[in-house]
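Here is the naming used below: chain letters follow the sequence lines, and residue numbers restart at 1 for every chain. Quick note: numbers below take in every heavy atom, side chains included, and nothing from hydrogens, waters or symmetry partners.
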Amino acid sequence: MKTATELNAKSIPKMPASKRKKFSWDMFSSVATLIPSLILLGVFVYGFIGWTTYVSFSQWNSLIPNFNSAGFLNYSIIFSSYRFQSDLRNIVVFTAFFIIACLIVGLFLALLIDQKIKAEGFFRSIFLFPMAISFVVTGVVWSWILNPSTGVNLILKAFGWKSLPSWFLSTTIWPNWPFGQIQIGIPVALLAVLIAAVWQMSGFAMAVYLAGLRGISDEIKEAARIDGSGVFRMFFSIILPQLRGTTTTIIIILTAASLKIFGLIYAMTGPGQQFLTDMPSLNMFQTTFQGDQFAQGAAIAIVLLLMIAIFIVPYLIVTLRQGDDA
Amino acid sequence: MKRNRLIALSSAALLTLTMAGSALPAFAAAPAKSDLQIFSWWTGVASSKALKSLMTIYEHQYKGSTVTNDAVAGGAGSNAKAVLAGRMEAGNPPGTFQVHAGGGSLLSWVQAGDMKPLNALYKSEGWYKVFPRSLLNLMTFNGKIYGVPVDMQRANVLWYNPTIFKKYHLTAPKTFPQFFHDAAVLKSHGITPLELANHGNWEATLLFSDVLLGTVGPVKYDQLLTGHASWNIPGVKAAANTFVRMLGYANKDYTALHWQQADQAVAQGKAAMNVMGDWAQGYFSTALHLKPGVGFGWAATPQTHGVFGAVSDVFGLPSKLKNDTPTINFLKVLGSKVGQDTFNPLKGTFSPRLDSNMAKYNAYSRSAMMSYKRDRLVLIIGQGAVNPGFTNNFNNAMEIFVSNHNVNNFVSAIVSAAQSNPLS
């Protein structure tokens, strides 16, 4: 309380009606408004990033803190482990498929809703609702649906399917190229998790696309129509190029969500057989809090952070530059 | 402008308040409303009821003192462990906390200097006589004892469906050859011989521990777990091969199942056998209302007769407490005959005291108590036996082994796990 009243007392009586004084009060108020969140961010985000980095170079791999430098040992341990190599393969495959599927499904739904249909609000809500559900709930429900012996397979069986898919229990990797300790390819088990993830997040892509579609001016569309362009020409030459900014936004936000994914995997499949559905976040949690290997857990966290930064930083630079231009 | 000023003032005020607040000890420490916080992962119906009964006895014996239940749900204790590590690190330990007896987390806390020895308490309460030496050895490091055991569970139990076994004239397998004989008969009749659930991955580790114990025997097994024998010995490989052969008789959807589902399949006659700790007994009798010996049968896992795979929850005295008295008083209740004979029947476990009242327990528990009092105790990997780093690496190796069946890779993964996380 003390600081605020003191500063306040100082600034008020001395304030003449000059322009400069008014400016400084504005400065003060904006700085004072920002300081608490700056301090909180500084400590709880950037401070802890620094701390985690420090720990990742230490020898703290039991309950007894040991901050002697380990150099890059923890990094070399995790990169040479079967589990982390699988994690990297999985996260790349998962993120790529997740984003492509969300974009296609989201755009398709947005286009359907944008046809001036009846009860638009109703359908919009229906497609958006999965996003309101927690990833844990989605994971549990889909693990029941896709359980090979009790779930959707019973329906397929009733329709006379002979070779039923084993969904997230599959151990197939396609195309299965050996690399390091692992096989490179698309783990089929991961596709089952993707179904759940896309089900949940494509509504988000739809909502953003819908806003983008509404932003395209009718004049351009009208002009194209007068020039005689058909539905497909209109979509690929007019609408799609106009949605480029929207697509970038969706990609960035979904990438961040995808790289951090934890709850869905934890609830639905766990690490999976041969770590076919494991993710760096899950590995980090188990290494740190079940194995007490804090330094190795920190190293995984830092690698994960760098991966996210690769996607986020260029986006931030572009957005900030646009902000300056405006 | 006026609004700006208001926001600026209030946020500056908030800031000073927080800074002043964090300097005051009352804000920094957790709210000290009660005398004693008990930290556990007992959030299930039976276990939280059992814990509550202990708290009631304590509050009755020590009038005016209060207890809070600081249980953390989920992840078979892994979430609780994460929270506990944070609190210990911050110098704000709970009054006492749940941990498994053995060279796992308990030893880690002791080595980190976070625990006080309880030898004086054992002496004053006469506990050296009422708990078997073999159990106390699992909590004694350098002659100092660090925990009070409250329950006892057995982890080398083979559960089977008596109706199926009678129908095909089988007996519970005592050896691995008998197991494979039974399994072949069952398979030929279209019954899954061995039901495995491995959603959490510790289940396969438990099964492997029992196979290893049955293969190398308790002496060698103990040496492996305490770092006195190399994991390169032929017995480990032989156990891994037997394990793979057993998986050939198991269901294929084990990754999707929780242990209760596996035991349910046995109870319903879809499968014949399951290997699980005797917490399964609580599930059979309480959730499925089956009679011990009629609705479900049990035996020691193959070649482990005369050995008791012990999983015991113990509570200790954290060293950074401001006041030890409430914790010590609670530990007295926890170790007492009346406390344990109230707690254990509710939880479905049995009392580790040699003088406990056998009449309070069902047929299964009585037979387990006989084995406990007579047999050699060993610990089980993944149940607090060995340090968390080794256990985590072991579980990771198991996650791969259980589906690719590559014995050589598995053994070399464990050997290197033991090198990077020394067991002795």
Quiz prompt | Worked check of side-chain contact (heavy atoms from CB on, under 4.5 Å) between A:Phe275 and B:Asn396 | solution = CA-CA 9 Å; A:Phe275 298 112; B:Asn396 284 351; 3.6 Å; yes

Quiz item: Contact part of B:Ser108 toward chain A, heavy-atom cut-off under 4.5 Å: side chain, backbone, both or neither?
Solution: both

Practice problem: Counting only heavy atoms closer than 4.5 Å, note whether B:Phe401 contacts chain A via side chain, backbone, both or neither. | Solution: neither

Do [X] and [Y] have side chains that get closer than 4.5 Å, going by heavy atoms?
| X | Y | result |
| --- | --- | --- |
| A:Leu169 | B:Lys252 | no |
| A:Pro65 | B:Glu89 | yes |
| A:Ile64 | B:Trp109 | no |
| B:Asn393 | A:Gln293 | yes |

Roughly how far apart are [X] [atom1] and [Y] [atom2], rounded to 0.5 Å?
| X | Y | atom1 | atom2 | value |
| --- | --- | --- | --- | --- |
| A:Gln181 | B:Asn409 | CD | CG | 8.0 Å |
| B:Ile400 | A:Ser86 | CD1 | OG | 6.5 Å |
| A:Asp292 | B:Asn392 | CG | CG | 9.0 Å |
| B:Glu399 | A:Gln273 | CD | CD | 8.0 Å |
| A:Asn147 | B:Gln261 | CG | CD | 7.5 Å |
| B:Asn421 | A:Asn61 | CG | CG | 8.0 Å |

Quiz item: Between A:Ala267 and B:His199, which heavy-atom pair has the shortest distance, and what is it?
Solution: O-NE2, 4.4 Å

Practice problem: Could you pull out the closest heavy-atom pair between B:Lys81 and A:Gln290, with the gap in Å? | Solution: NZ-O, 3.4 Å

Self-check item: Top contributor to chain B interface from A:Trp144, A:Phe285, A:Tyr82, A:Phe294 [non-hydrogen pairs under 4.5 Å]
Solution: A:Tyr82

Practice problem: Considering only heavy atoms and a distance below 4.5 Å, find which of A:Gly272, A:Ser166, A:Ser37 pairs most often with chain B. | Solution: A:Gly272

Quiz item: Is the number of heavy atoms from other residues, nucleotides or ligands within 6.0 Å of NZ (A:Lys157) greater than 12?
Solution: no

Practice problem: Would you indicate whether A:Phe72, at its atom CZ, is surrounded by more than 12 heavy atoms from other residues, nucleotides or ligands within a distance under 6.0 Å? | Solution: no

I'd like to verify something: which residue of [options] has the highest number of heavy-atom pairs under 4.5 Å with chain A?
| options | value |
| --- | --- |
| B:Ala112, B:Pro388, B:Gly200, B:Ser105 | B:Pro388 |
| B:Asn251, B:Thr255, B:Asn198 | B:Thr255 |
| B:Ala85, B:Ala82, B:Gly86 | B:Ala82 |

Practice problem: Tell me, please, which residues at least two apart from B:Tyr146 pass ring-ring contact (aromatic ring centres under 6.0 Å, His included). | Solution: none

Quiz item: How far apart are the C-alpha atoms of B:Gln111 and A:Leu63, what are their side-chain angles, what is the distance that settles it, and do they pass the side-chain contact (heavy atoms from CB on, under 4.5 Å) test?
Solution: CA-CA 8 Å; B:Gln111 285 169 336; A:Leu63 283 175; over 6 Å; no

